[in-house]
Q: 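Please find one structure pasted underneath; my questions will follow.
First the proteins, then the strands, lettered A, B, ... as listed; each starts at 1. Source: prediction; values computed, not measured.
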Amino acid sequence: MTTPKDFGFNDDINMLKDTYAKFLLEQKTIEALRPSLSGTEDPYHGAPRQAFFDTQNWQKTVELGMHAVAIPEAQGGIGMGLVAATAIAEEIGRSALPTPLSNNLIATFLLRAADTQPAQKLLEEMAEGVSVGLALYGEDGSLEADSTDVQARDGKLVGTAWYVTDAQKCDILIVAAQTQDGVDLFRVNRQAATVSVSPDRIVDLTRDQAGVTFASSDAAPLTEQGQGANCLNNALPALLTLTAADIAGAAEWQLQATADYAKVRQQFERPIGFFQAVKHPIVDMMIAVDETRSLVYQAAAAFDFDPDDAARCAHLAKSSASDTAEFCANRSTQLHGGIGFTWEADVQVYHKRQMHSQFMFGDGIWQRERLADLL
Amino acid sequence: MSDKTLSTEQAEFQAFCRAWLAENKPAPHSTPLPQAAYEVTDPSHLTYLTEWQAKCYEAGLIASDLPKNYGGHGMTGCQQIASTEVRAAGVPYFINWIGLGMAVPTLLECGTEAQKETFLPPIFSAEHIWCQGFSEPGAGSDLASLQASAVKEGDQWVINGSKVWTSLGHFAQYMLLLARQDKSDKYGGITYFLAPMDQPGITVKPIHKMTGESGFNEVFLDNAIVGDHLRVGNVGDGWKVAMATLTSERGAGVGVGAVAGESPMLVMEQVIQLAKDTRRNGRRVWDDPVWRDRIVKVYERTEASLYNGRRARIKALNGGAMRIPLQGKLTGSEISQSLHQIALGILGLKSSLYVGDENAPANGKWPLGYMNTYTGTISGGSSEIQRNILGERVLGLAKSK
């Protein structure tokens, strides 16, 4: 099997990508985020920040059907694959958008991999606009299936999940928990009285994150008994690809913003882009972005058309993306000079999103370790 | 393995290429060939490689998609397939790489009908070997400062000056020549010619490289004669025509045949195997996590180049027609250099054993190959010049000069 020459980006998907990109442009997402960053209170101290959540944006996203692109038609979705979801994830990154959509796309692929009746039921609810968050990590933040600190006993969950993104926005949490047979995935109502969400103070201003503690919370299994680790493993290529796509979109924004600044900022009577010490690293940003984008599209295409090669391609994509996130964030701030270091500059918002994305679902070094085992 | 995106014609041609290459792969020459076409100096290697290229041309693997009056085979969408199969087959490289890679695209874009019909077929068959006369001792990165002069006398031009780094100059029948007809106009004073090499006014002297090999030359033009019918483009348009040549040299032009021998992925696989086969400090180098990470990082970039090539052809995803193609030479040469540096690191002290030493791993291929990667990062516009071009032409940054 091979992947299509156009990476599966057919007319429908290109139109979908354009529609969503135009929608985000009209929404002026960074300006919408700004008020939540201003005010007299230092956002990193005092009481944890209320998560910024543009509910109107989310409603419109649901009206456009973006949340349902990868939900199977049988569950009321549009029935497209990872290529379509990747196209959307890239646009989310380009806008540094705080949206439950990212996690909903990821959750869609987790539930598709679970392939059980309860998982299908949740997909149906998601197609109706119910939003889902992911509680997969233990304290060390590693992706090994047994790293979760949550225990499942007799249909109840006990313990704390770490680094739960969108915990303040979502309706339902998908929780990885230890059972007697290994790890399983469960669904928990986020608003239940036994579930307490304790927001983290995080660097990234475009996402919210929390520790979520379950005090004997009612939980319904989404996976077959003891199949949680398998399910995570099967969905992992999609998780990695979507996160890498977000990075690619944000990195392209960083590249263009930095190139634009180098055209207008004058020093020594010239635009600074004249100087090779500035020009060449901007070109290096472009090279990094392009390598990542190509690997991301190939990873999406492999997942949809050549599943045997999906894991290798997804590790490649996230390996490249994690390094690109670090590099483009670094160069974008440095080449903006003093202004890039200020709160007012949009580059700082993207910089911090990339710092976060770099480590989601494993950094470059971890991806390469996994890759080496496949070579 | 079949590819469902191919047309029937393409699928049949792909199958034909595979079968033909398997059947016609030539027996190795009695002495090892140099690593690349630009290093060939032995006349018996030239004969061997010329015969091989002619055979591939006859079979339709070169000029597959070009019209028949230019010596092409008149197929559609088949050149890419032929080139991919040639590169994957582990067969010798095509000797006439400057002809195929630079002269053909330049003539197709800027040549007259007569020039195309006369010059293209013998390039494909390797009957005419070509070289390139652009750089001069005083004109490297700043190519347009070249000084070789062209003076019109009747219906011919008299050329004086010298050219340098002229690969294959010692075998070539023709040279892609830039010369200056007007000293007062830096860019508008250059004209582009197809210069016959076999004449008393041209002397070729070999230059020796850091590798100990030769292969390229200094070429002295002393009242050399070029007919006006061998001018490409108008008088004074040489710089524009040269850009067509350089675009191809940098990997962004139309292809008429694979020019390189081993594909980057093939070399990558050899390096991974080398790490698995080499033991040091009590374990395989491949089991050392630091080396694994370094190797896999280059593997990642090699794969990315491959898919960049595919994405470049997709309008909706390429970010502009020239954005990815103009990166090809820069990233390809830098990735190759990193890969060879890694190979030396895997070998450790063994990498000190060079060509001619009976204990040298793979006959000294890795240190030789490493040194030769500087051909890629320096020639055809150095990596520094490539970054200027990308910054200016793709990103719109102010011109550095």
Q: Tell me if the NZ atom of B:Lys315 is crowded by more than 12 foreign heavy atoms within 6.0 Å.
A: no
Q: How close do A:Ser294 and B:Arg311 get, counting heavy atoms only, and between which atoms?
A: OG-NE, 2.8 Å
Q: Counting distance only, does the side-chain N/O of A:Lys263 pair as donor-acceptor with the main-chain N or O of B:Leu395 below 3.5 Å?
A: yes
Q: So which residues of residues 362-375 of chain A are in contact with chain B at a heavy-atom cut-off of under 4.5 Å?
A: A:Ile365, A:Arg368, A:Glu369, A:Leu371, A:Ala372, A:Asp373, A:Leu375
Q: With chain A as the partner, which of B:Ser400, B:Gly396, B:Gly309, B:Ala398 has the greatest number of non-hydrogen pairs under 4.5 Å?
A: B:Ser400
Q: Heavy-atom pairs under 4.5 Å with chain A are the metric here; pick the option from B:Glu392, B:Glu303, B:Arg313 that has the most.
A: B:Glu303
Q: What residue, out of B:Thr331, B:Leu317, B:Ile324, has the most heavy-atom pairs lying under 4.5 Å from chain A?
A: B:Leu317
Q: Which heavy atom in A:Phe274 sits nearest to a heavy atom in B:Lys399, and how many Å separate them?
A: CD1-O, 3.0 Å
Q: Give the member of B:Ile272, B:Asn308, B:Ile295 that has the highest number of heavy-atom pairs under 4.5 Å with chain A.
A: B:Asn308
Q: Do B:Arg310 and A:Asp6 touch side chain to side chain, with heavy atoms closer than 4.5 Å?
A: no
Q: Answer yes or no: does atom CD of A:Gln266 have more than 12 heavy-atom neighbours from other residues, nucleotides or ligands under 6.0 Å?
A: yes
Q: Which of residues 236-255 of chain A have a heavy atom under 4.5 Å from any heavy atom of chain B?
A: A:Glu252, A:Leu255
Q: Nearest heavy-atom pair of A:Ala262 and B:Leu397: which atoms, and what distance?
A: CB-CD2, 3.9 Å
Q: Rounded to the nearest 0.5 Å, what separation is found between the CG atom of B:Asn318 and the CZ atom of A:Arg293?
A: 8.0 Å
Q: Is it the side chain or the backbone of B:Glu384 that comes within 4.5 Å of chain A heavy atoms, both, or neither?
A: both
Q: Side chain, backbone, both or neither: which part of B:Lys297 has a heavy atom under 4.5 Å from chain A?
A: both
Q: Please rank B:Leu390, B:Ile314, B:Asp293 by heavy-atom pairs under 4.5 Å with chain A and give me the top one.
A: B:Asp293
Q: Sub-4.5 Å heavy-atom contacts with chain B: which residues of residues 312-327 of chain A show up?
A: A:Arg312, A:Leu316, A:Ser319, A:Ser320, A:Asp323
Q: Which atom pair, heavy atoms only, marks the closest approach of B:Tyr307 to A:Phe7?
A: O-CZ, 3.7 Å
Q: Which residues from residues 283-292 of chain A are near chain B, with near meaning under 4.5 Å between non-hydrogen atoms?
A: A:Val283, A:Asp284, A:Met286, A:Ile287, A:Val289, A:Asp290, A:Glu291
